[in-house]
There are 4 protein chains.
Amino acid sequence: MAARVNEETAMKAGGADKRALILDAALDLFRHYGYRRTSMEDIARAANVAKGTLYIYFKSKDELFEALARQLAERVEANLKSVAERGLGTEAKILALLDAKLGFMYRWILSSPHAAELLDSKVELSEDIFGPVDKSFRSSVARALKDGVREGELDPKSAGLSLESATDTLIAAAYGAESGAVDEADFRDRLARIVRLSLRGLRKSA
Amino acid sequence: MAARVNEETAMKAGGADKRALILDAALDLFRHYGYRRTSMEDIARAANVAKGTLYIYFKSKDELFEALARQLAERVEANLKSVAERGLGTEAKILALLDAKLGFMYRWILSSPHAAELLDSKVELSEDIFGPVDKSFRSSVARALKDGVREGELDPKSAGLSLESATDTLIAAAYGAESGAVDEADFRDRLARIVRLSLRGLRKSA
Amino acid sequence: MAARVNEETAMKAGGADKRALILDAALDLFRHYGYRRTSMEDIARAANVAKGTLYIYFKSKDELFEALARQLAERVEANLKSVAERGLGTEAKILALLDAKLGFMYRWILSSPHAAELLDSKVELSEDIFGPVDKSFRSSVARALKDGVREGELDPKSAGLSLESATDTLIAAAYGAESGAVDEADFRDRLARIVRLSLRGLRKSA
Amino acid sequence: MAARVNEETAMKAGGADKRALILDAALDLFRHYGYRRTSMEDIARAANVAKGTLYIYFKSKDELFEALARQLAERVEANLKSVAERGLGTEAKILALLDAKLGFMYRWILSSPHAAELLDSKVELSEDIFGPVDKSFRSSVARALKDGVREGELDPKSAGLSLESATDTLIAAAYGAESGAVDEADFRDRLARIVRLSLRGLRKSA
DNA sequence: CATGAATGAGACTTCATTCAT
DNA sequence: TATGAATGAAGTCTCATTCAT
């Protein structure tokens, strides 16, 4: 009976958005085993569908991956917008922006033992998909820094950096938070410390 | 007879360190095409040996890669030692240490379009090989920071960080220099700016 | 209700002879792309029906092809009958008979770049379906030759052939008209020349 | 013992010209089952090699087929040359030329139940490979007819045909010999009769 | 040691056919 | 009847690894 209900639930879910089911299964496997070591057969099995079914929803393995990347990019974009809308102080806003992008990616991809390969798999592809997100991300951070300067809190010049340069340096440093993080909490700690240190470096000198 | 001499010459030139020849060819190909897209056939051709010969020097493709990693680790280790021996000021020494590790890796691996995959290929493996190097690298940086504190130049406490924590944060931030670097010069610029900014953040507050 | 009416209209228009629609679409695709390169999906799309619908009218792809062949055979049979009924001279009648069979097939199949594969697809099948047609075709040609002999126009004996043998030889030679024809006009020219030459060869020697 | 010898023989043969072994096996299978119904696995099994071995000698299934076609074309070309060198009378020479091309192809390909598909498989390809052969074949036949005219034996004009046209018609008619032939002897009979009839049609009228 | 032909598991993809709706 | 999502067998091709010479 319960089984019957479950079956029906599965059926309803499977019929409607089997696509999402496949993407979930694929992300999971890609994260655990990497792109190339995950076969379409594996994905099909994990998603409880036949191999051929994958090709109804995605033209090829590459396109499946692309769809995954696109999904990720969309969520990051949404996160960034939501952060921008909240009224936050300079450091808090910058931290939130960095977390909106890096933290999200960390949770989805980077925490995987095969993150590197995933990101590497299709560099050109990633450029297309993540390029726009990166652009809007960078301009959000730049705006936040500018606000900090306007409010007299920050002064890149005294550190010998232009606003542009300061933005890039801050973002670059933040990327480092992923380097040796063991879990998400660790990642957040690292990110927070890097931001604190960097912003401290950007403060007006006495 | 003449043939015999030629053979011996060949042996001395290529036979003795054919291993090195193979490693060179492999690194080159891995950097250009990635681990999985480089076949043993490719490596053999590039090293001017037969496919079977590769298996005389390396038990498998994975072991060949491991040997490459080990070679890299040894050179980084040597670099670090040489930096420690030079008498440098705090910021200069820290920058030199970071460059000794990150810069060297950048030149060898990260500048490749397939860096990610290379590093990913064998994470566990990397742990074994790069773990010791990382440890000595970290302690070198920590010592340099400690020196800076002793000389009154730096004060992690005023940034709310312990010496340990400051070391980790600095290193993490430095890793970010690789994130979007387009070439080695760009990488060095990024690294220098990150270090400057971070050390500025670690200065004694007025 | 209105929907109901529409449905019925659709049924009258497409439902009644959806079978014919499918056959038309299939022949078109087979001619252009060949049997194996035409998928059931392609046929369904071209016929504006769902894939499953094909299997309501035809048990399998092979049976669909068989139905096509049967249709073709019926039309050839009809053509032959109509030629026999017309009162034509020997050469004209023979040419008309050959055109009724070969010309018709040329227009339908052989002019396709994938004729060979189509004819090959089911040789055994073709035997069943085209066997009777071939038989009646051959006897029509034989009768025409016989008439020519009776009228003193032809004399297979002087060419060293029996009537039977002459019939077979003539038909075989005519088949050659298809060999390198580039279009229907070319085919007809070839056929006419072959017939003229062959009948000339069957004339009474002086 | 005998087995042992056979094995060694096989080994010697296999090492030297496994390529030929594969081609033989492939031709055999293609003739019996057609191009598309013959899998690379089938060919490998028939040639007693592993699947991968096929790809050492041929880049793809298509290239394997192309090699087969090329081999065939070469042999036909050689046959034509050998016929031209023999001093034969008009009819005998023409028959020999037609047999050198059509007969040879018949033995190799056309006698197969899947001849049509084989020839169809790669029409463009065949054009490249058989085009030159066809050209030299046609010019040989044309020359033979011309000789017949010079010797006063033939007179295409009286049949309303130019030499060119007569050549094409003769060749086309000859192609028809393949149409319903059941075996090689039958094919030769048909060809002989078609040639006799056609040449009779080209004779000088009294 | 060196060679390179041979192997065969395994990857991606297609498509005729089925079946619940 | 009609639909079209789902199936899964089968096909082509790659490549790390072995082994007889």
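Residue numbers begin at 1 in each chain, while the letters A, B, ... track the order of the sequences.
One can place OH of Tyr35(C) at 8 Å from P of dA16(E), the figure rounded to the nearest angstrom. Between Ile22(B) atom CD1 and dC1(E) atom C1' the separation is 12 Å, expressed in whole Å. One atom, NZ of Lys61(B), and another, C1' of dT14(F), lie 11 Å apart when rounded to the nearest Å. Atom-to-atom, CG of Leu54(A) to C1' of dA5(F) comes out at 13 Å; the value is rounded to the nearest Å. For the pair Leu21(B) CG and dA2(E) C1', the interatomic distance rounds to 14 Å; values are reported in whole Å. Whole-Å rounding puts the Arg37(B) CZ to dA11(E) C1' distance at 15 Å. Rounded to an integer number of Å, the gap from Glu66(B) CD to dA16(F) P is 17 Å. Atom pair Met40(D):CE and dA11(E):C1' shows a separation of 16 Å (rounding to whole Å applied).
Atom CD1 of Ile22(C) and atom CG of Leu68(C) lie 11.5 Å apart (nearest 0.5 Å). Taking CD1 of Ile43(D) as the reference point, atom OG1 of Thr38(D) lies at 6.0 Å (rounded to 0.5 Å).
Mapping Gly52(D) and Gly52(A) onto DNA chain F by nearest heavy atom places Gly52(A) closer to the 5' end of the strand. Mapped onto DNA chain E by nearest heavy atom, Thr38(A) and Lys59(C) fall at different nucleotides, with Thr38(A) at the one closer to the 5' end. Map Ser39(C) and Asp42(A) each onto its nearest nucleotide of DNA chain E; the residue landing nearer the 5' end is Asp42(A). For the pair Glu41(D) and Ser60(B), both in contact range of DNA chain F, the more 5′-proximal nearest nucleotide belongs to Glu41(D).
For Thr53(D), a side-chain nitrogen or oxygen approaches OP1 or OP2 of dT7(E) to under 4.0 Å. The phosphate of dA6(F) has OP1 or OP2 within less than 4.0 Å of a side-chain N or O from Lys18(A). Within the 4.0 Å cut-off from OP1 or OP2 of dC15(E), not a single side-chain nitrogen or oxygen of Tyr55(A) is found.
Of the listed nucleotides (dT7(F), dT7(E), dT13(E)), dT7(F) has the atom at the smallest distance from the side chain of Val49(A). Relative to the side chain of Ile56(D), the nucleotides dA6(E), dC12(E), dT17(F) differ in distance, and dA6(E) lies closest.
For the residue pair Tyr35(C) / Asp62(C), a side-chain donor-acceptor distance below 3.5 Å is found, with atom types taken as modelled.
Side chain Lys51(B) to base dT17(F): a donor-acceptor pair is found below 3.5 Å.
With a cut-off of 3.5 Å on both Watson-Crick or G-U wobble distances, the partner of dT21(E) is given as dA2(F).
Salt-bridge check for Glu66(A) with Arg70(A): passed, with a basic side-chain N closer than 4.0 Å to an acidic carboxylate O.
Taking the C1' atoms as reference points, dC1(E) lies 13 Å from dT21(F), given to the whole Å.
For Asp42(D) (side chain) and Ser39(D) (main-chain N/O), a donor-acceptor pair under 3.5 Å exists by modelled atom type.
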